[in-house]
Undergrad: 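Okay, handing you the structure first.
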2 protein chains.
Amino acid sequence: MHLSTNSYNSYIRILKAYELTDFHAQPGNGPLYEQVKHLIVERVVSGVWTPGDRLPSETALAREINVSQGTVRKAMDDLCHENLLVRHQGRGTFVSIHTAQRELYHFFHLAGADGIKRLPQRSDVVSNTRRRANRAEAERLQLPAAAEVIVIKRNRHLDGQPAIIETIVLPATRFVGFERETDIPNELYQRYEEIFGVTIHKVEESLCAVAATRAEAKALGIEPGAPLLEIDRTAETLEGMPVEWRLSRCDSRTHRYLNENV
Amino acid sequence: MHLSTNSYNSYIRILKAYELTDFHAQPGNGPLYEQVKHLIVERVVSGVWTPGDRLPSETALAREINVSQGTVRKAMDDLCHENLLVRHQGRGTFVSIHTAQRELYHFFHLAGADGIKRLPQRSDVVSNTRRRANRAEAERLQLPAAAEVIVIKRNRHLDGQPAIIETIVLPATRFVGFERETDIPNELYQRYEEIFGVTIHKVEESLCAVAATRAEAKALGIEPGAPLLEIDRTAETLEGMPVEWRLSRCDSRTHRYLNENV
DNA sequence: GAGTGGTCTAGACCACAGA
DNA sequence: CTGTGGTCTAGACCACTCT
């Protein structure tokens with residue numbers, strides 16, 4: 001029932017929600033479902049719900065924060081479209097986890113001549129060190145000037161051939177001890193999530209063509225000066241903090257970068 | 001009101017819709033809103049509503065096809081997310097048109113070193129001919145073996161410098177007389193829409209790095225063999241028919257290809 | 001069978017645009 | 001002022017999953 005205006009009612013309801021949930025934010029004048037989205041994201045970010053967890057049912061959450069089930073549904077629907085949640089009819093709503101499938105589908109764009117994507121089967125780690133960030137690294141990861149970073153270099157194989165040379169830069173404070181890791185998996189984002197509680201939510205990539213250096217040519221078994229595809233990627237958490245900078249140089253004779261836009 | 005089951009009711013309702021609208025399709029057992037989406041797309045494809053047109057209001061369309069306003073809303077919401085429709089509060093819902101903005105935002109991915117996208121200011125048409133398709137072209141555009149195509153070659157400038165060499169292949173049957181066109185604009189998709197009634201809805205791009213040929217090097221003012229970014233694009237209509245094949249080779253020293261994924 | 005999300009309806013009020 | 005989309009509610013039934 002409406003007491004006076006819809007907005008007023010929303011305000012009251014969301015206040016109750018804060019009391020119940022320790023959730024702190026501006027007393028939001030935006031739509032109710034936006035505030036519900038915010039609340040859900042906050043609980044995921046703060047670790048109340050972690051990847052793989054089942055959320056309360058729509059009706060339960062609606063009752064808890066005193067809004068209608070339809071409003072919770074709209075909030076959850078939006079977050080599903082943003083890939084933060086996944087729904088399973090009859091089972092419930094869950095916080096997304098980085099399966100290899102999901103990683104392949106959303107964040108990996110290299111495909112063979114047949115247009116079918118494939119993940120590297122093999123990655124040889126060349127080095128894994130911890131040192132002070134240079135200026136470019138600090139800027140990319142929004143770190144203070146003298147902060148430490150972990151730098152991993154590896155060669156990845158596609159279809160049995162060395163195809164990608166990759167340099168990965170991580171902030172040392174978030175990935176404590178990763179420089180001592182000996183078993184570095186192909187799918188890093190699952191590891192980030194499981195071990196360090198870092199969920200990669202969005203990646204931005206920019207591409208250009210470069211000429212292979214002598215060392216790169218040797219590693220990839222091609223001629224020095226041959227054209228390579230360079231992929232410069234910044235990966236962000238749910239909160240929008242950049243937590244990985246990855247520079248990949250790919251032999252693009254046999255593999256291509258795919259992108260689709262509607 | 002529910003007569004027996006929801007599905008039965010839906011079936012009856014959608015039958016009425018067919019009678020009213022000349023809309024023919026399988027008597028759909030899928031969700032009602034999917035059938036409404038289908039109906040809207042059909043009307044756009046068949047030209048009942050064309051880009052820029054205002055659709056009937058949600059309530060009007062709901063009344064016409066005998067479903068609730070909420071169901072029409074869900075259908076329209078989905079189609080907005082798919083970029084087929086745009087909504088303006090207080091004004092109505094419209095079929096999308098290819099503005100330069102939209103084209104820039106959705107289909108153009110080159111940006112300067114600052115990460116800001118820019119459209120070419122200038123495009124010099126090198127040639128514009130009509131001839132039989134070769135095998136690769138026929139395959140890409142799903143044309144019969146001996147079909148005719150229009151082939152346009154042009155050099156495009158970014159930030160005042162020649163930066164892109166482009167070859168565009170179009171099926172001659174859809175773009176009648178385009179080979180005699182002398183004024184070829186930068187934003188082709190708007191022209192396709194206005195003159196030929198062809199709306200580009202989706203593009204698929206695949207990228208690789210290549211070495212510049214002598215001719216390309218000369219056109220771009222770089223060294224032969226220098227690395228170029230090759231963008232191979234297929235553009236599709238709403239119905240999913242490929243109607244443009246575009247091969248661009250870009251000087252990527254000063255410009256990069258951007259991509260963002262959530 | 002109980003509980004979950006998926007679909008559909010009906011009706012309310014709000015915010016915005018345009019006559 | 002009227003009509004549009006935007007938000008919110010309440011309640012119904014369906015389809016699916018698990019026990």
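In what follows, every heavy atom counts, from backbone to side chain, and hydrogens, waters and symmetry copies are set aside. Here is how names work: the chains are called A, B, and so on, in the same order as the sequence lines, proteins then strands, and each is numbered from 1.
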Undergrad: Starting at atom CD1 of B:I65, determine the distance to atom P of C:dC8, rounded to an integer number of angstrom.
TA: 11 Å

Undergrad: Can you tell me the distance, in whole Å, between the CD atom of B:Q35 and the C1' atom of C:dT7?
TA: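 For the pair B:Q35 CD and C:dT7 C1', the rounded distance is 12 Å.
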
Undergrad: If you assign each of A:Q69 and A:G90 to its closest nucleotide in DNA chain C, which residue comes earlier from the 5' end?
TA: A:G90

Undergrad: In this structure, how many angstroms lie between the P atom of C:dT4 and the CZ atom of A:F94, rounded?
TA: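 From A:F94 CZ to C:dT4 P: 11 Å.
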
Undergrad: Salt bridge check: are A:E236 and A:R140 linked by an N-O gap of less than 4.0 Å?
TA: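 Here A:E236 does not pair with A:R140 in a salt bridge, since their nearest N and O are not under 4.0 Å apart.
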
Undergrad: Which of the following nucleotides, C:dT7, C:dC8, C:dG6, is nearest to the side chain of B:S68?
TA: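 Ranking C:dT7, C:dC8, C:dG6 by closest atom to the B:S68 side chain puts C:dC8 first.
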
Undergrad: Can you run down the salt bridge (Lys or Arg N to Asp or Glu O under 4.0 Å) pairs that involve residues 85-104 of chain B, sequence neighbours left out, and say none if there aren't any?
TA: B:E58-B:R87, B:D77-B:R87

Undergrad: Taking CZ from B:R73 and C1' from D:dG3, how many angstroms apart are they, rounded to a whole number?
TA: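 Atom-to-atom, B:R73 to D:dG3, this comes out as 14 Å.
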
Undergrad: Quick check on D:dT4: is either OP1 or OP2 less than 4.0 Å from any side-chain nitrogen or oxygen of B:S57?
TA: yes

Undergrad: If each of A:R91 and A:V72 is mapped to the nucleotide of DNA chain D with the nearest heavy atom, which maps nearer the 5' terminus, i.e. the 5' end?
TA: A:V72

Undergrad: Hey, which of A:E166, A:E205, A:R233 is the one that makes side-chain hydrogen bond (donor to acceptor under 3.5 Å, both in side chains) with A:S248?
TA: A:E166

Undergrad: Report the distance from atom NE2 of B:H88 to atom P of D:dG5, rounded to the nearest whole Å.
TA: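 Between P of D:dG5 and NE2 of B:H88: 11 Å.
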
Undergrad: Considering only side-chain heavy atoms of A:R87, which listed nucleotide, D:dG5, C:dT7, C:dG5, is closest?
TA: C:dG5

Undergrad: Using the C1' atoms of five pairs at each end, what's the angle between the two axes of the helix from C:dG1-D:dC18 to C:dG18-D:dC1, to 10 degrees?
TA: 10°

Undergrad: With a 6.0 Å cut-off (strictly less than), is the heavy-atom count around CD of B:E139, excluding the residue itself, greater than 12?
TA: no

Undergrad: State whether B:R73 and B:D78 are salt-bridged, where the test is any N-O pair (Lys NZ or Arg NE/NH1/NH2 against Asp/Glu carboxylate O) under 4.0 Å.
TA: no

Undergrad: If you measure from the Lys or Arg side-chain nitrogens to the Asp or Glu carboxylate oxygens, is any gap between B:E204 and B:K202 under 4.0 Å?
TA: yes

Undergrad: Tell me whether the side-chain N/O atoms of B:T93 come closer than 4.0 Å to OP1 or OP2 in D:dG5.
TA: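 So the side-chain polar atoms of B:T93 do come within 4.0 Å of the phosphate oxygens OP1 or OP2 of D:dG5, strictly under.
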
Undergrad: Looking only at heavy atoms, what is the nearest atom pair of A:S123 and A:P120, with distance?
TA: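 Looking at all heavy atoms of both residues, the shortest contact is OG-CB, 4.5 Å.
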
Undergrad: Mind listing the residues from residues 75-83 of chain B sitting with a heavy atom below 4.0 Å of DNA chain C? Number order is fine.
TA: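 Those residues: none at all.
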
Undergrad: Output the rounded distance in Å from CD (B:E58) to C1' (C:dA10).
TA: 14 Å

Undergrad: Between B:K37 and B:E82 (salt bridge meaning N to carboxylate O under 4.0 Å), is one present in this structure?
TA: yes

Undergrad: Mark yes when over 12 heavy atoms from residues, nucleotides or ligands other than B:H81 sit less than 6.0 Å from its NE2; otherwise mark no.
TA: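 12 or below, so no.
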
Undergrad: Under 4.0 Å: is that the gap between some side-chain N or O of A:Y33 and OP1 or OP2 of D:dC8?
TA: no

Undergrad: Rounded to the nearest angstrom, tell me the gap between atom CZ in B:R63 and atom P in C:dG11.
TA: 14 Å

Undergrad: For A:L61 and C:dT4, what is the distance between atoms CG and C1' respectively, to the nearest whole Å?
TA: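 Rounded to the whole Å, the gap is 14 Å.
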
Undergrad: Nearest of C:dT7, D:dG6, D:dC16 to any side-chain atom of B:Q89?
TA: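 The listed nucleotide nearest to B:Q89's side chain is D:dG6.
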
Undergrad: Counting only side-chain nitrogens and oxygens, does A:T71 get under 4.0 Å of the OP1 or OP2 atom of D:dT7?
TA: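 Negative; the distance criterion is not met.
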
Undergrad: Does B:R43 pair with B:D53 as a salt bridge, N-O distance under 4.0 Å?
TA: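 Looking at B:R43 and B:D53, the cut-off is not met.
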
